[in-house]
Amino acid sequence: CPLACNATNGAATCVASTCRIACSAGFGNCDANAANGCEVDLRSTVTSCGACGRACALAHATSGCAAGACTLVRCDAGWADCDANVANGCETDLGSTASACGACGRACALPNATPTCRAGVCAVSVCNGAYGDCDGVAANGCETNLATTVGSCGACGRACALANATPRRRL
């Protein structure tokens, strides 16, 4: 060969005056340049994980590569891998997902309410039926029955008015 063949991480041969490289297991000649041999460790390189050009790019995460497979190193702040599926990365927004509010597995469940998750804290999205969240405490949901509570008649804080009512006399 007119040029020296580089056998780094592989075996070099000269075929028809051209260097050819057979890379060792776990290495790749990703730049197709025989002069620098099999320059990429396919077992641990994030941009060529398992094969030349196969980049690990997981959603909302820092990706890694181990043994030629993409790995999840850590999730971005506010995100989590709740389904333990590395392929879809950190798929859960802990700040707005009612089934994982603030942490995986922490579902919002509020009495007489449809819950929501705001900034990782359970909150009342809407009260069910004739109920109201009159105390503003999300943890107890919509605690007031607006159809039967005298001090909150039809709406929080609205007292029932007894117009033209005559007191009953006891006999």
Side-chain angles (χ1 to χ4, degrees), residues 23 25-28 30-31 39-171:
C23 294
F27 290 91
C30 296
D31 64 1
E39 79 286 353
V40 176
D41 185 342
L42 302 174
R43 300 166 299 180
S44 62
T45 304
V46 174
T47 56
S48 290
C49 188
C52 291
R54 185 185 308 155
C56 296
L58 302 176
H60 309 289
T62 299
S63 304
C65 178
C70 292
T71 60
L72 194 152
V73 175
R74 73 179 156 275
C75 291
D76 294 346
W79 291 85
D81 179 23
C82 293
D83 66 2
N85 179 0
V86 173
N88 64 1
C90 300
E91 78 292 339
T92 305
D93 180 352
L94 298 176
S96 66
T97 305
S99 62
C101 191
C104 293
R106 187 183 304 157
C108 295
L110 304 174
N112 305 309
T114 300
T116 188
C117 181
R118 293 186 187 124
V121 178
C122 291
V124 172
S125 174
V126 65
C127 290
N128 298 338
Y131 287 88
D133 181 18
C134 295
D135 66 2
V137 177
N140 64 2
C142 298
E143 78 293 339
T144 305
N145 186 332
L146 302 175
T148 62
T149 305
V150 174
S152 292
C153 190
C156 293
R158 184 171 69 192
C160 290
L162 299 174
N164 300 323
T166 306
R168 290 186 177 183
R169 292 179 64 190
R170 294 187 113 184
L171 299 173

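Being a predicted model, the structure only gives us computed values, none of them experimental.
- Within the structure, side chain to side chain donor-acceptor pair (under 3.5 Å) contacts touching residues 85-94 (residues at least two apart or in different chains) are D83-N88, D93-S96.
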Which atom pairs, donor and acceptor, lie under 3.5 Å between side-chain atoms of residues 111-130 and protein residues at least two apart or in another chain?
residue: N112; atom: ND2; partner: C142; partner atom: O; Å: 3.2
residue: T114; atom: OG1; partner: N128; partner atom: OD1; Å: 3.3

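- The line from CZ of F27 to OG1 of T45 is 8.5 Å long, rounded to the nearest 0.5 Å.
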Under 3.5 Å, sequence neighbours excluded: what are the donor-acceptor pairs made by side chains of residues 57-78?
residue: S63; atom: OG; partner: L58; partner atom: N; Å: 3.0
residue: T71; atom: OG1; partner: G64; partner atom: O; Å: 3.3

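- Note on residues 134-154: pairs passing side chain to side chain donor-acceptor pair (under 3.5 Å), not counting sequence neighbours, are D135-N140.
- Every pair tested for ring-ring contact (aromatic ring centres under 6.0 Å, His included) that includes a residue from residues 123-146 fails, sequence neighbours excluded, so the list is empty.
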Please table the atom pairs, donor to acceptor, closer than 3.5 Å between any side-chain atom in residues 46-56 and protein atoms at least two apart or in another chain.
residue: S48; atom: OG; partner: G53; partner atom: N; Å: 3.0

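- Listed by first and then second residue, the salt bridge (charged side-chain N to carboxylate O under 4.0 Å, His left out) pairs that reach into residues 43-52 are D41-R43, sequence neighbours excluded.
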